[in-house]
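Report on the following structure.
Here is how names work: the chains are called A, B, and so on, in the same order as the sequence lines, proteins then strands, and each is numbered from 1.
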Protein chains: 2
Amino acid sequence: MGISKTEDFTKRQNEIATLMKALSHPARIAIIDYLLSVDTCICGDIVNELPLAQATVSQHLKELKNVGLIKGSIEGNAICYCINEKTFVKFQDYLSGIFKKIKVQACC
Amino acid sequence: MGISKTEDFTKRQNEIATLMKALSHPARIAIIDYLLSVDTCICGDIVNELPLAQATVSQHLKELKNVGLIKGSIEGNAICYCINEKTFVKFQDYLSGIFKKIKVQACC
DNA sequence: AAACTCTATCGTAATATTGCGATATACAAA
DNA sequence: TTTGTATATCGCAATATTACGATAGAGTTT
């Protein structure tokens, strides 16, 4: 992404941007969609669900895990991923703060 | 961002990802924050508000404009930007579809 | 017209992302 | 212990992002 001047912005602005970045790829949206659609936790099925190689899916999962949007637990041989609702709630709080300020406004 | 296999995902997934990407930089969150804080439309003041060069700000504004999150109108010499509430509402609709599925769930 | 202001765009350097094959690691099963 | 299965990580090529100085284009002012 090139050098980015994170230190010049607020913690909140950086946190929002970080969450947005984690969700800025359709494959990662597809992963979230899938995890939301299955009630029980799933692991390697995600690889079968997506049109991407195992290494690529693993990388996307890592990015989602790094920002806390999903979490994984070891299930014997496999790893079971699921939504981490805490981070979603935090994200939702940030966004509702923005959305509630949106209003129809005449532009100049 | 490297090659990304957009065609393998749904229109909805790509649209959400595109909006997220536009908001995935703290400077662009700061621009949105600023536009929301001023009632009347602002133009070059955004450059003064941010710790970035004019060329860089112009580039960020272009990205936000490209996805329709803001709009600009010519005001004599200057350009006046403001929030485009329509796109925000669309984004909010997409997100509420996701958020309402979030629930506390035991992970495996 | 000349000088000034505002904004977009070009060009470029530094760095990040995406995707995947190959490989490593870890556990399970035979 | 050997084989198989599941997942992470390494290394690389292709491409995208970020930042900014320089410059161009368009309108204003004098």
Is there side-chain contact between A:Tyr94 and A:Arg12, with heavy atoms separated by less than 4.5 Å? yes
Atom-to-atom span, [atom1] of [X] to [atom2] of [N] - whole angstrom:
{"X": "A:Leu50", "N": "C:dC20", "atom1": "CG", "atom2": "C1'", "answer": "15 Å"}
{"X": "A:Leu64", "N": "C:dT18", "atom1": "CG", "atom2": "P", "answer": "11 Å"}
{"X": "B:Glu75", "N": "C:dT5", "atom1": "CD", "atom2": "C1'", "answer": "15 Å"}
{"X": "A:Met20", "N": "D:dT17", "atom1": "CE", "atom2": "P", "answer": "17 Å"}

Restricting to side-chain hydrogen bond (donor to acceptor under 3.5 Å, both in side chains), what partner residues turn up for A:Thr10, sequence neighbours left out?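 Here the qualifying residues are A:Gln13.
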The side-chain hydrogen bond (donor to acceptor under 3.5 Å, both in side chains) partners of B:Glu49 (sequence neighbours excluded) come to none
A:Ala27 or A:Ile74: which one's nearest nucleotide on DNA chain C is closer to the 5' end? A:Ala27
First encountered from the 5' end of DNA chain C, between A:Gly76 and A:Arg28: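 The residue closer to the strand's 5' end, by nearest nucleotide, is A:Arg28.
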Please identify each residue that fulfils side-chain contact (heavy atoms from CB on, under 4.5 Å) with B:Thr6, with sequence neighbours left out.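 B:Thr6 satisfies side-chain contact (heavy atoms from CB on, under 4.5 Å) with A:Pro26, B:Ser4, B:Asn14 once adjacent residues are dropped.
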Which residues pass the side-chain contact (heavy atoms from CB on, under 4.5 Å) test with B:Asn77, not counting sequence neighbours? none
Below 4.0 angstrom from OP1 or OP2 of D:dT17, is there any side-chain N or O of A:Lys21?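 Checking D:dT17 against A:Lys21, no side-chain N or O comes under 4.0 Å of OP1 or OP2.
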Contact class for B:Leu52 (heavy atom, under 4.0 Å): base, sugar-phosphate, or nothing?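 Since only primed, P, OP1 and OP2 atoms lie under 4.0 Å of B:Leu52, the category is sugar-phosphate.
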List, with names and distances, any nitrogen or oxygen atoms from the protein found under 3.5 Å away from nitrogen or oxygen atoms belonging to nucleotides 6-9 of chain C.
residue, atom, partner, partner atom, Å
C:dT7, OP1, B:Gly44, N, 3.1
C:dT7, OP1, B:Ile79, N, 3.2
C:dT7, OP1, B:Ile79, O, 3.2
C:dT7, OP2, B:Gly44, N, 3.3
C:dA8, OP1, B:Tyr81, OH, 2.3
C:dA8, OP2, B:Ser58, OG, 2.8
C:dA8, N7, B:Gln54, NE2, 2.9
C:dA8, N6, B:Gln54, OE1, 2.9

Salt-bridged, B:Asp33 to A:Lys101, with N to O below 4.0 Å?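 Judged by the 4.0 Å cut-off on N to carboxylate O distance, B:Asp33 and A:Lys101 do not form a salt bridge.
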Only distances under 3.5 Å count here; give the side-chain donor-acceptor pairs of residues 53-68 of chain B to other protein atoms, sequence neighbours excluded, each with its distance to 0.1 Å.
residue, atom, partner, partner atom, Å
B:His60, ND1, B:Arg28, NH1, 2.9
B:Glu63, OE2, B:Arg28, NH1, 3.2
B:Asn66, ND2, B:Lys62, O, 3.4

Please pick, from C:dT17, C:dG19, D:dG21, the nucleotide with the shortest atom-to-atom distance to any side-chain atom of A:His60. C:dG19
Point-to-point distance, once rounded to the nearest 0.5 Å, from CG of A:Leu36 to CD1 of A:Ile31: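 A:Leu36 atom CG to A:Ile31 atom CD1 measures 12.0 Å (nearest 0.5 Å).
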Results of salt bridge (Lys or Arg N to Asp or Glu O under 4.0 Å) for B:Glu15 - residues two or more places apart only: B:Lys11, B:Lys90
Kindly state which residues belonging to residues 9-18 of chain B come within less than 4.0 angstrom of DNA chain C, counting heavy atoms of the residue only, listed by number. none
